[in-house]
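To start, the structure under review is shown below, and the notes come after it.
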Amino acid sequence: MKTPRVLLSLALTAMTAAAGMPPGFNEDESKVPPYTLPDPLVMQDGTPVKDAAAWQQKRRPELLHLFESEVYGKAPLGKPEKMTVRDLNPELPALNGKAVRKEVRVLFAGTEDGPKMDILMYFPAKADKKVPVFLGMNFNGNHAVQNDPAITLSTSWVPNDKGAGITANKAGEAARGKEADRWQVEYAIDHGYGVASIYYGDVDPDFDDGFANGIHAMTGKPDGPAAWGSIASWAWGLSRALDVLQQEPRADGKKVAVMGHSRLGKTSLWAGALDERFALVISNDSGAGGAALSRRIFGETVKRLNTSFPHWFCDNYNKYNDKESECPVDMHELLALIAPRPLLVHSATEDLWADPRGEFLSCAGADPVYKLLGTPGLTIKSFPEPEVPATGRLGYFLRKGKHDVTLEDWKSYVSFADQWLK
């Protein structure tokens with residue numbers, strides 16, 4: 001990690017989404033340079049991967065190692081031995097009786113004065129069996145997911161937002177429900193799903209703090225340029241939430257869909273690649289460093305990521321600033337690491353910064369692995385028109401509109417999950 005400095009990265013992303021493509025970045029398809037993608041079914045020594053056993057035993061571990069060492073960094077720990085879970089708020093009726101809501105606190109070191117995260121959970125009130133769950137991280141605190149005064153107000157660092165009454169990086173009452181449009185909890189409940197959300201800043205605050213806060217305060221900075229960045233730490237937090245859901249009486253822990261938007265879409269992909277317990281993976285507008293191919297040099301680039309958000313990735317990723325073709329992996333191989341589990345990649349027509357076509361081509365690049373493992377894979381052969389339903393075990397959906405999460409996205413999530421989780 002670089003010299004500690006606070007980068008208001010959430011504000012930067014909001015500005016980018018509002019203003020469109022920044023000057024100096026490619027948004028012209030005719031200016032995409034020629035490129036050759038590494039073959040996910042060829043080992044680094046040139047040996048072809050011909051069957052599922054070779055993929056699972058040799059190529060998949062090799063690709064995981066490359067992403068850990070060159071892109072995201074390697075988590076220095078799994079589930080902490082002293083990790084404990086305590087009730088934060090009791091189970092109570094919510095959403096006019098349709099749901100029950102509960103909150104738990106995960107103490108990573110077993111104590112309140114150590115790193116911790118809160119999990120907000122909703123389940124259908126009248127379900128007669130365990131239900132599948134959508135699990136993801138939010139940007140502003142669990143209190144922002146629904147406008148409910150009973151939800152615990154976050155005490156973690158949050159980005160300042162005058163419109164929401166947030167100053168001095170402290171959450172306030174005015175921020176309640178700020179992300180409700182992005183968290184269509186009632187829609188999911190109506191269709192028989194639970195929803196679980198975590199504030200990502202509980203696990204690691206989103207600025208370059210030199211490994212001083214969140215889970216990094218417990219682990220310290222690992223040696224070397226492959227030390228885990230924030231995306232890897234957030235992904236680690238999602239796996240710890242899955243640990244909790246697998247013990248939750250109302251949740252079907254074998255049917256948890258991990259999901260995320262923007263930088264948290266990058267996070268959901270890496271979490272899904274690392275942790276094969278996730279039954280389904282959803283990426284929404286994840287772009288560069290997520291679902292979009294880096295070698296296309298379209299929209300956000302590796303250099304822009306490493307310059308604006310130096311804490312997201314490991315330091316080794318800086319080697320590929322303006323040298324994407326030298327990286328031993330590209331993002332189609334990240335998607336391939338999720339195979340044969342269901343994967344849904346979402347893009348938006350006006351979100352050129354995240355390169356929708358590059359996200360689709362990444363799916364196409366991962367498709368041979370899905371096919372090798374005996375799944376339907378990607379069933380569409382060319383970049384689709386907007387709002388064509390996602391089918392196949394590797395799904396792609398292009399929504400009309402901007403960089404956001406909407407009800408239309410949730411309709412697609414639920415439809416895809418209905419196909420593969422129920």
Requested in this report: Verify the neighbour count for atom NZ of Lys319: are there more than 12 heavy atoms of other residues, nucleotides or ligands below 6.0 Å?
Outcome: yes

Requested in this report: Would you check, one step at a time, whether the test salt bridge (Lys or Arg N to Asp or Glu O under 4.0 Å) holds for Lys402 with Asp404?
Outcome: CA-CA 6 Å; Lys402 300 180 179 181; Asp404 204 351; over 6 Å; no

Query raised in the report: Should the ring pair Tyr413 and Phe134 be called parallel, tilted or perpendicular, given that the plane angle runs from 0 to 90° and is split at 30 and 60?
Result: tilted

Query - Heavy atoms of other groups near Asp181 CG, more than 12 under 6.0 Å - result: no

Query - Distance-only donor-acceptor check, side chains Asp367 and His332, under 3.5 Å - result: no

Query raised in the report: Counting only heavy atoms not in Asp28, do more than 12 sit closer than 6.0 Å to its CG atom?
Result: yes

Requested in this report: Taking the six-membered ring for Trp and the full ring for Phe, Tyr or His, determine whether the centres of Trp312 and Tyr317 are under 6.0 Å apart.
Outcome: no

Requested in this report: Report the relative orientation of the aromatic rings in Trp157 and Phe207; use parallel for angles under 30°, tilted for 30 to 60°, perpendicular for over 60°.
Outcome: tilted

Query raised in the report: Parallel under 30°, tilted from 30 to 60°, perpendicular over 60°: which one fits the rings of His403 and His261?
Result: tilted

Query raised in the report: Among side-chain atoms of Asn306 and Asn321, is any donor-acceptor pair under 3.5 angstrom?
Result: yes

Requested in this report: Assess the side chains of Thr111 and Asp113: does a donor N or O sit below 3.5 Å from an acceptor N or O?
Outcome: yes

Query raised in the report: Between Ser197 and Tyr122, do the side chains contain an N or O donor and an N or O acceptor separated by less than 3.5 Å?
Result: no

Query raised in the report: Do you see a donor-acceptor pair shorter than 3.5 Å between the side chains of Arg277 and Gln246?
Result: yes

**Report entry** Tyr187 ring center within less than 6.0 Å of Trp410 ring center
**Finding:** no

Query - Inter-residue atom distance Leu305.CG - Lys266.NZ, 0.5 Å rounding - result: 5.5 Å

Query raised in the report: Does the Asn160 side chain pair with the main chain of Asn169, one donor and one acceptor, at a distance under 3.5 Å?
Result: yes

